[in-house]
Amino acid sequence: MADKQHLYLVDGSAYIFRAYHRLPPLTNPEGTPVGAVYGYTTMLWKLAEDLDKADGPTHLAVVLDKSSKSFRNEIYDQYKANRPAPPEDLVPQFPLIRHATRAFSLPLIEEPDVEADDMIASYARTAARQGWDVTIVSSDKDLMQLIGTSEQGGTIDMLDTMKSARIGPEEVREKFGVPPELVGDVLALMGDSVDNIPGIFGVGPKTASKLIQDHGSLTAALDSATDMKKSKLKERLLEHRGDAELSRVLVTLKEDCPLPIAIEDMKIATIPPEPLTAFLSEHGFTSLMRRLEGGNGGPGPSTQLHPAKPQNEGEGHAPQGNRQPLPDMPDVDRSAYECVQSVEALDAWIERSFKARLVAVDTETSALDAMQAELVGISLAVGPNEACYIPLTHYTSDAGGDDMFAQRPEQIPLATALEKLKPLLESDAVLKVGQNIKYDLNVLARHDIAIAPIDDTMIVSFALDAGRSQDGIGGGHGMDELAQRHLGHTCLTFKEMCGTGKKAIPFGQVPLDRATEYAAEDADVTLRLYRHLKPRLAVEGGTRVYERVDRPLIPVVAGMERHGIRVDRDRLVGLSERFATEIARLEGEIHEIAGQEFAVGSPKQLGEILFEKMGYKGGKRGKSGQYSTDQSVLEKLDAQGAPIATKVLEWRQLAKLKSTYTDALQQAINPNTGRVHTSYSLTGAQTGRLSSTDPNLQNIPIRTEIGREIRQAFVAEPGNVLLAADYSQIELRLAAHMANVEPLREAFAAGEDIHNRTAREMFGEVDRDTRARAKTINFAILYGISRWGLAGRLGIEAEEAQDLIDTYFARFPGIQRYIVSTLETVRERGYSETLFGRKTWFPRINSKNQAERQGSERAAINAPIQGTSADIIKRAMARMGPALADAGLQPGAPDGVRMLLQVHDELVFELPEGLVDDAKPVIEQVMAEAATPAVELTVPLGIDIGTGLSWDDAH
DNA sequence: GATGTCACG
DNA sequence: GACGTACGTGACATCC
């Protein structure tokens, strides 16, 4: 024979699992996950490229598992019994593996009631007996038994395409310490937790290998036990002999299965291009398509947000049982970090990052506020302990960073470094991973760098573990906490670098050796966290919310923060003065009534004045022994005819408005932009809502006339207007949908006033009083009702409140079902879920402490509703930019439509007056249709839109 | 840093 | 028999 035949047998089922765990969750244009399919396709591709090579394939077939049952189940009912179900986003990929195989026009073997391993064994032996060479494309250790050379001179070896390693008899001996024919004996002793093969309890690979080496066979090893010295091992060998013998049968491959396709028919020639092109294009594997067209395509799937991980790293173990294995990573070694001070060194790191196709990034700055902070340095990590810090504007003298006389250590000029880094940070082919990467996005956006594509470990943690905490601590998503929790690693703290209080120094003054340890560690730890947390998303079902809702929102929210909103400072100054005068007047009157001066703002002093000195009744002490003096208490006193209570209430309102708003907002105006830039937290609220800080722009007054004057200070730039669009009654609409409450759905569909409808259902008649009570009850339902809570709100007895609740449940029966079933699910699983799959954990839902438990129950009833509402507006926000762009409305441009604020159910935009008519319908449509197509609601989402020169006028 | 209060959805 | 009563947030003042 001129050319030896060489049969390649591809263990497709094993491959897809490994590809799944190693590759990021790519999706095709239709949104189906295809990460593992992509890995599989490239592997076939590689094999196809080897067709003409010396030991390349002449024949090839793919073998898949058709069903999970085989003869092994008949002799051992526990076989593979503890296998977890495959991850939810892997399941749809199984059929695609078949499509891929057919696209390459390759023979596919899948037989019922036969495991792929047995089929591979049968084919391999048959081919080798005919003198063919055989290569098994797999890394399954069970298959290693087959390696060797037949009497007819046919060799069998294995190819691990992920490690690009050939496995022959030598490699087997290295791994097991025995030749291939004894591998089965070793496996029988050590067992296999993945397949649930028992082996001998307490015997692992090391002991098993030694026993077989010493005695030459399983039977001899087991027999030797009787003569062994007394030991744990001896006992175990004697006691579990039966397990080992059973295991020996289980690990033996069946080599005489009937062959559905003759090996001669597996010959491959040129692969016909048409089916392959169709397949590649269907799934958006564009780089492979380019290669097919003759060009030399890029390294990864360039149309995908997420390039594949490099082939030479990230090789972990397959998950064992249900345990989520810690990625195999060395301990953090800060001495391994490099301080990058030359352009050459920077170039080398940039090249490494491109090669790795995944880089963790962290920026160090002079302050916390991303809008004002100056860039001090950047750190990168491409692997555990493979991290560097690039100092940029460090200085050592007391002079400021901008001072031309400042002493500066050797550093690459800022502009040079950023010019070098920009292509990396913006490259589609390299995934940038950050911890709270929104911050880095904002800092670098000010240097004209738009980081993409991105992943964020903080957001991943939030998608997985929102609400999870142990004993009140450890529920956060900050890096130091995550490092401690998941990696058992304690990070250097910012305090250790910069000190605190008056002695604190800016990060730019930290000596480079220490700064490198701190900054590079941040990138290193981020990368490690990514490797640990990201795979959990798919396994635990967090992929959808992370990829479709939260991650796309990061650059959108970053943009909103950078836009900020214009605030009329003069107006605030005027208000502050007015409030100050009024507060002083009220304070005088209060002191006069009290008969002495005291700090009105001190609840402690006020309580003593009211309930001791003045002798009012109704003084209740809290657990701290203090009298309560909150609004409800003061209102009761007011009703009793206590003039001081009214005055204090007025004083409090004005003091609050002045300190929290009119004074503080002036301070918050950014001197460079003249606007106020809040910071949104994407992980702040456990339900999935955003929260706003520094300043909080989600609690600007609106409910009172005087408070609304503050809203009038939020204004549009000249020639522009503000547009406010809010979801009307969104939580009640969602409750009507989720609890399937027909009367409420009907009312929403008809555009009825929902509280009127509730009043009619509950009380039979609608007037101001019944509507107000109905409104209270509606909200009480959303918040998880209790008879006492409702009684307190309505000023009625608890029994009466219970009657109202009963009536409500009777009129709207779906509500009670929703509450009961929600609680059941949460008790059982530990978490609630929104319509879009966002989880919120309730670790105290089964607490023995009644108050704790009931608190969790109320929160658990509310979370799916509040969270779904949050999901919906987030989806609207993520889609808004593209929709506005399609309409030619230039989202984000100074003369286009800018989205500025989000207040839970409201979005605020700034736009040129001339664009209002065009923008309104686009905004309304995006918001109204934000749930689709993922979720089809049975209630319409109503949107109210208004415009005006101020935020107040826009309502 | 904890507590009380109050601004918002 | 005691518990402590609506869900989710953030900021400020006071006081220890």
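In this text, all values refer to a predicted model and were calculated from it rather than measured experimentally.
Counting only heavy atoms from C-beta on, A:V903 has its side chain closest to B:dG9 among B:dG9, C:dC3, B:dC6. When each of B:dT5, C:dA2, C:dG8 is scored by its nearest atom to the side-chain atoms of A:R689, the top-ranked nucleotide is C:dG8. Taking only side-chain atoms of A:D694, from C-beta outward, the nucleotide of B:dG9, C:dA11, C:dT9 with the closest atom is C:dA11. Distance from the side chain of A:H904 is smallest to B:dG9 among C:dA11, C:dT5, B:dG9. Among the nucleotides C:dA11, C:dC15, C:dT5, the one closest to the side chain of A:S786 is C:dT5. Proximity note for A:T693 (side chain, C-beta onward) versus B:dC6, C:dA11, C:dG8: the nearest is C:dA11. Taking every side-chain heavy atom of A:S602 into account, C:dT14 is the closest of C:dT9, C:dT14, C:dA2.
If you check every strand for non-hydrogen atoms under 4.0 Å, A:N696 touches sugar and phosphate atoms only. Residue contacts for A:T776: at a heavy-atom cut-off of 4.0 Å it reaches a base atom on one of the strands shown. Counting any heavy atom pair closer than 4.0 Å across all strands shown, A:Q631 reaches sugar-phosphate atoms only and no base atom. Contact annotation for A:I702: backbone-only contact, meaning every heavy-atom pair under 4.0 Å involves sugar-phosphate atoms and none involves a base. Among the atoms of the strands shown, none is found under 4.0 Å from any heavy atom of A:E731.
Between the CG atom of A:D630 and the P atom of B:dA7 there is a distance of 12 Å, rounded to whole Å. Atom CD in A:Q698 sits roughly 17 Å away from atom P in B:dA7 (whole-Å rounding). The distance between atom CZ of A:R703 and atom C1' of B:dG9, rounded to the nearest whole Å, is 7 Å. Between A:L690 atom CG and C:dG10 atom P there is a gap of 11 Å when expressed in whole angstrom units. Taking atom CD of residue A:E608 and atom C1' of nucleotide C:dT14, one finds them 13 Å apart after rounding to whole Å.
The stretch residues 656-670 of chain A comes close to DNA chain B through A:K656, A:Y661, each having a heavy atom under 4.0 Å from the strand. Annotation: proximity of residues 854-870 of chain A to DNA chain C (heavy atom, distance under 4.0 Å) is found for A:Q854, A:R858, A:A859, A:N862, A:Q866, numbered in ascending order.
Remark: A:S628 is in phosphate contact with B:dT5, judged by side-chain N or O atoms under 4.0 Å from OP1 or OP2. Put simply, A:Q850 has no side-chain N or O that comes within less than 4.0 Å of OP1 or OP2 on C:dT5.
Distance check: A:I781 CD1 to A:F812 CZ gives 9.0 Å after rounding to the nearest 0.5 Å. The distance from the OG1 atom of A:T683 to the CD atom of A:Q686 is 9.5 Å, given to the nearest 0.5 Å.
The side chain to side chain contact (heavy atoms under 4.5 Å, CB included) search around A:K495 returns A:T493, A:T500, not counting sequence neighbours.
Across A:P864 and A:T834, no two heavy atoms sit closer than the pair O-CG2, 4.0 Å.
The base of B:dG4 has none of its N or O atoms less than 3.5 Å from a complementary donor or acceptor on the side chain of A:R652.
Going from the P atom of C:dT5 to that of B:dC6 covers 16 Å, rounded to whole Å. Look at the P atom in both B:dT5 and C:dA6: the space between them is 15 Å, to the nearest Å.
Between A:D465 and A:R468 a salt bridge is recorded (basic side-chain N to carboxylate O distance below 4.0 Å).
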